[in-house]
Protein chains: 2
Amino acid sequence: MLNRAEQKLATRRKLIDAALRLGAERGFGAVSLREVAKEAEITPTAFYRHFHDMEELSLALVDELGLSLRQLLRDARKNFDGSGSAVRVSVESFVRYVSENPNLFRLLQGERQGASSAFRKALFAEIGRFVEEMTDDLDRISIALKQPLRNPSLAAETIVAVAFTMGGEAIEMPRHRRPELVERIIQAVKIILRGSLLPVSNRKRKTP
Amino acid sequence: MLNRAEQKLATRRKLIDAALRLGAERGFGAVSLREVAKEAEITPTAFYRHFHDMEELSLALVDELGLSLRQLLRDARKNFDGSGSAVRVSVESFVRYVSENPNLFRLLQGERQGASSAFRKALFAEIGRFVEEMTDDLDRISIALKQPLRNPSLAAETIVAVAFTMGGEAIEMPRHRRPELVERIIQAVKIILRGSLLPVSNRKRKTP
DNA sequence: TTCTACAGTATACATGTGTGCACTGAAAAA
DNA sequence: TTTTTCAGTGCACACATGTATACTGTAGAA
């Protein structure tokens, strides 16, 4: 069986999952402590054994989100075996991630505006980390392909903005139409990468 | 003085403004009917003379948003006198819009996820209209400049996604740092436009 | 085996919530 | 002038909310 610490952790998980489920539908600010407790099958007062208020729970959700985003990056890199299109593989990983973690993703996109200040700060920190990692990837790729980019960090930020925005649509879309969405995101990302390329100097072109 | 119909309209405005103010901070789902009524300085029961519930109020907010977005487009076009950079003028108009209508903009960006289904539907319809108008503008400009674009509607969608995402940061940013943000958005938009340009065929380049 | 720490329960209370009902007073219609 | 209309009020209700206080049962330390 589970020992005491494990049991406590399990209940904590239940609370986090409950908050995620309820918050994704209505927006996190509209979820009450009592609702979360009920959804997690504990009494309202037992809630305080885990979090001192809803605000603290929300910060735990952001941690959860950060973790999952790093997992996403790892998956995307793993799935890219060197052959094929890195963009396609990444976008596919991303849309799969959104499909499999709709509640976390809703948190990410929905609470940028609207939540408490501490919450927003934590959220933007996670998004910032994600953009940084993507910047590193872009740097590496552009060096490997000898296709230098003007402003890799702006390119990364732009790609993330577009992917996150368009990715949000995936959640409410019937599954069979998601491949179309994947194609559109891929096209958008390619537009951004193409627009970020430094022009190849004419000299090189003219003397093959 | 105000006649009866005007008075009623004035109170309706107060309700809408109140809802916008409160909803922008906490997320719309977290705002109660009673709060809105109090903020608008009427009794809770008088609320029902204007809207049959909070959901209906929220749809009025979306109308408000649509109106303001069309106003934004008109302003941006008006401010562009033909000289200078159309991108710069548009982005400046946009960031000014966000600065002057922070609550409407929060509604736009914050409630895509999380609100009721009818609300989201209305919201996306407005965003869709905005993207369409921008597509038309891009078409016109690219024809005027004889620089055809691959996929104007995808370009427009991408530009809107990026501008709306980055524009959201303007609200919480101290005023004096907004010019930097404007520059970053301008760069991002230019990246997208550049990436959307059809390659100039080599033939034309080689025979001037 | 006894004792203690502590996750979870039960009960209670003040306050907030949506909404029904009967009302008022003044603008507008008759 | 009299009557009607109707935005806004006051009160009342059943129910939800956050949280304080006292409790219980059991895992794990002594």
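The structure displayed is predicted, hence computed values, not measured ones. Labels below follow one simple rule: chain letters A, B, ... track the order of the sequence lines, proteins then strands, and each chain is numbered from 1.
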| More 5' along DNA chain C: A/Lys8 or B/Glu35, using each one's nearest nucleotide? |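 Closest to the 5' end, via its nearest nucleotide, is A/Lys8.
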| request: Could you say whether A/Arg34 or A/Pro44 is positioned toward the 5' end of DNA chain C, judged by the nucleotide with the nearest heavy atom to each? | output: A/Pro44
| message | Is the phosphate of D/dT19 approached by A/His52 (side-chain N or O, under 4.0 Å from OP1 or OP2)? | response | no
| query | Think B/Thr45 has a side-chain N or O under 4.0 angstrom from the OP1 or OP2 of D/dT9? | reply |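 Checking B/Thr45 against D/dT9: no side-chain N or O falls below 4.0 Å of OP1 or OP2.
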| query | Contact class for A/Thr43 (heavy atom, under 4.0 Å): base, sugar-phosphate, or nothing? | reply |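 Counting heavy atoms under 4.0 Å across all strands, the contact made by A/Thr43 includes a base.
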Could you state the [atom1]-[atom2] distance from [X] to [N], rounded to the nearest angstrom?
| X | N | atom1 | atom2 | answer |
| --- | --- | --- | --- | --- |
| A/Arg49 | D/dG18 | CZ | P | 18 Å |
| A/Gln7 | D/dG28 | CD | P | 11 Å |
| B/Phe47 | D/dG10 | CZ | P | 19 Å |
| A/Tyr48 | D/dT17 | OH | P | 12 Å |
| A/Leu57 | D/dT19 | CG | P | 13 Å |
| A/Asn3 | D/dT26 | CG | P | 17 Å |
| B/Lys38 | D/dG10 | NZ | P | 14 Å |

| request: Taking the six-membered ring for Trp and the single ring otherwise, decide whether the centroids of B/Phe130 and B/Phe164 are under 6.0 Å apart. | output: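 When the ring centroids of B/Phe130 and B/Phe164 are compared, they turn out to be within the sub-6.0 Å range.
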| query | Backbone N or O of A/Asn3 within a donor-acceptor pair of the A/Glu6 side chain at under 3.5 Å? | reply |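 Yes: the side chain of A/Glu6 pairs with the backbone of A/Asn3.
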| task | Ignoring hydrogens and angles, answer whether the base of D/dG28 and the side-chain atoms of A/Arg4 contain a donor-acceptor pair closer than 3.5 Å. | result |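 No such pair is found, so the answer is no.
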| task | Assess the side chains of B/Gln147 and B/Ser142: does a donor N or O sit below 3.5 Å from an acceptor N or O? | result |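 There is no such pair between these side chains.
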| field | Pairing residues for B/Glu111 by the side-chain hydrogen bond (donor to acceptor under 3.5 Å, both in side chains) criterion, not counting sequence neighbours | value | none
| Taking only residues two or more places apart in sequence or in another chain, which ones pass side-chain hydrogen bond (donor to acceptor under 3.5 Å, both in side chains) with A/Ser32? | A/Glu35
| request: Give the nucleotide from the list D/dT19, D/dA7, D/dG8 with an atom nearest to the side chain of A/Leu33. | output: D/dT19
| query | Taking any atom under 4.0 angstrom from a heavy atom of chain B, which nucleotides of DNA chain C are the first and last to qualify, 5' to 3'? | reply | C/dT17 to C/dA28
| Salt-bridge criterion met for A/Glu132 and A/Arg129 (N-O under 4.0 Å) | no
| task | Please tell me if the side chains of A/Leu61 and A/Phe28 come closer than 4.5 Å, counting only heavy atoms from C-beta onward. | result |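 In short, these two side chains touch, coming nearer than 4.5 Å.
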| field | Given DNA chain D, 5'-ward residue of the pair A/Met54 and B/Ile42, judged by closest heavy atom | value |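 Closest to the 5' end, via its nearest nucleotide, is B/Ile42.
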